[in-house]
Visitor: 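Structure incoming, see below.
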Amino acid sequence: KQEVTQIPAALSVPEGENLVLNCSFTDSAIYNLQWFRQDPGKGLTSLLLIQSSQREQTSGRLNASLDKSSGRSTLYIAASQPGDSATYLCAVRSFSGGYNKLIFGAGTRLAVHP
Amino acid sequence: GAGVSQSPSNKVTEKGKDVELRCDPISGHTALYWYRQSLGQGLEFLIYFQGNSAPDKSGLPSDRFSAERTGGSVSTLTIQRTQQEDSAVYLCASSLSTGKETQYFGPGTRLLVL
């Protein structure tokens, strides 16, 4: 059974810091992995999608890496800003988890203070 | 074009009443998903529609939950005889098809059962 874990559960940093959010999954036979952002009271915004054949994806100040063999992904945020404050969710689509659905981690709640 | 839309945005109902939640996917997206986000539970998959294929209902928690998708577009999630544990945010997502594509989420419907 696929399980997704995110560490840390919460993170508070001063503006300007580079930071890393971690995601791990128990079954390495994944199809793809997706990082989302969720603002309070809002839906999910897709940030990056990494296919199983890829090792990383970049979008602006965000870089996501994937190490399928070790069951890990990291989301790197460069030069953090207060506007980055949100909950970040990692989700995988895998064969054991059910091909048709995403299995989500519990999220990392990020606060970036000025 | 417009993103995924959901209605109502908030719904308060009494225990035992039926509720209907609506999702309008992005035009042209053939895959549609329903997820539930409960406090302390994280995001869980409920049901998946792909074109004219039979839906994947493996995530529905009980037979009080049902969903339909008419004409391959709009979807309605129905909860009969609501219980307090049904209180959650119900999120809808759509994608171009299945597999490699990014899932785009709506803002959700916040359901409170009194």
Side-chain angles (χ1 to χ4, degrees), chain A residues 1-7 9-10 23-26 29-54 57-59 62 64 66 68 86-109, chain B residues 2-7 9-10 21 23-26 29-51 53-60 67 88-112:
Chain A
K1 178 185 174 185
Q2 180 69 272
E3 294 182 357
V4 180
T5 304
Q6 292 188 246
I7 295 173
C23 171
S24 62
F25 42 95
T26 54
I30 67 169
Y31 198 82
N32 56 37
L33 181 147
Q34 198 163 353
W35 281 94
F36 294 89
R37 165 189 176 136
Q38 186 173 32
D39 293 279
K42 302 287 180 64
L44 277 64
T45 300
S46 178
L47 298 174
L48 292 163
L49 171 68
I50 310 178
Q51 303 296 343
S52 62
S53 58
Q54 298 174 324
Q57 285 285 333
T58 298
S59 176
L62 305 179
L66 174 64
K68 210 171 57 165
T87 296
Y88 290 80
L89 295 161
C90 164
V92 300
R93 187 196 290 266
S94 68
F95 302 102
S96 66
Y99 178 80
N100 294 329
K101 59 191 176 188
L102 292 173
I103 306 295
F104 282 85
T108 294
R109 194 169 60 256
Chain B
V4 178
S5 61
Q6 293 185 245
S7 61
S9 54
N10 293 280
L21 313 180
C23 172
D24 281 275
I26 293 173
H29 282 191
T30 60
L32 186 147
Y33 311 77
W34 283 98
Y35 293 85
R36 178 170 71 174
Q37 188 172 34
S38 306
L39 190 62
Q41 295 289 329
L43 265 150
E44 57 178 334
F45 166 83
L46 296 177
I47 189 169
Y48 160 78
F49 295 90
Q50 170 56 35
S53 302
D56 176 356
K57 305 179 183 180
S58 60
L60 294 179
V89 177
Y90 289 83
L91 291 161
C92 175
S94 71
S95 67
L96 274 172
S97 63
T98 187
K100 296 185 176 182
E101 291 78 14
T102 297
Q103 291 188 25
Y104 296 91
F105 281 76
T109 292
R110 285 152 193 79
L111 175 66
L112 177 62

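Order of the sequence lines fixes the chain letters, A, B, ..., with proteins taken first and strands second; residue numbering starts at 1 for each chain. Just so it is clear, the values below take in all heavy atoms, side chains as well, and ignore hydrogens, waters and symmetry mates.
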Visitor: Considering non-hydrogen atoms only, spot the tightest contact between S46(A) and Q103(B) and give its length.
Guide: CB-O, 4.2 Å

Visitor: Given heavy-atom pairs under 4.5 angstrom as the criterion, report whether the side chain, backbone, both or neither of L43(B) touches chain A.
Guide: both

Visitor: Looking at every heavy atom in both L91(B) and G43(A), which two are closest together, and how far apart are they?
Guide: CD2-CA, 4.1 Å

Visitor: Using non-hydrogen atoms and a 4.5 Å limit, figure out which bit of L102(A) sits close to chain B: side chain, backbone, both or neither.
Guide: both

Visitor: Output the distance between atom CZ (F36(A)) and atom CZ (F105(B)), rounded to the nearest 0.5 Å.
Guide: 4.5 Å

Visitor: Can you tell which of E44(B), Q6(B), Q37(B) has the highest number of heavy-atom pairs within less than 4.5 Å of chain A?
Guide: Q37(B)

Visitor: Please check if the number of heavy atoms outside R110(B) that lie under 6.0 Å from its CZ is greater than 12.
Guide: yes

Visitor: Could you state the interatomic distance from CD (E101(B)) to CZ (R93(A)), rounded to the nearest 0.5 Å?
Guide: 8.0 Å

Visitor: Looking at F45(B), I want to see if its CZ is surrounded by more than 12 non-hydrogen atoms of other residues, nucleotides or ligands under 6.0 Å.
Guide: yes

Visitor: Is it the side chain or the backbone of S9(B) that comes within 4.5 Å of chain A heavy atoms, both, or neither?
Guide: neither

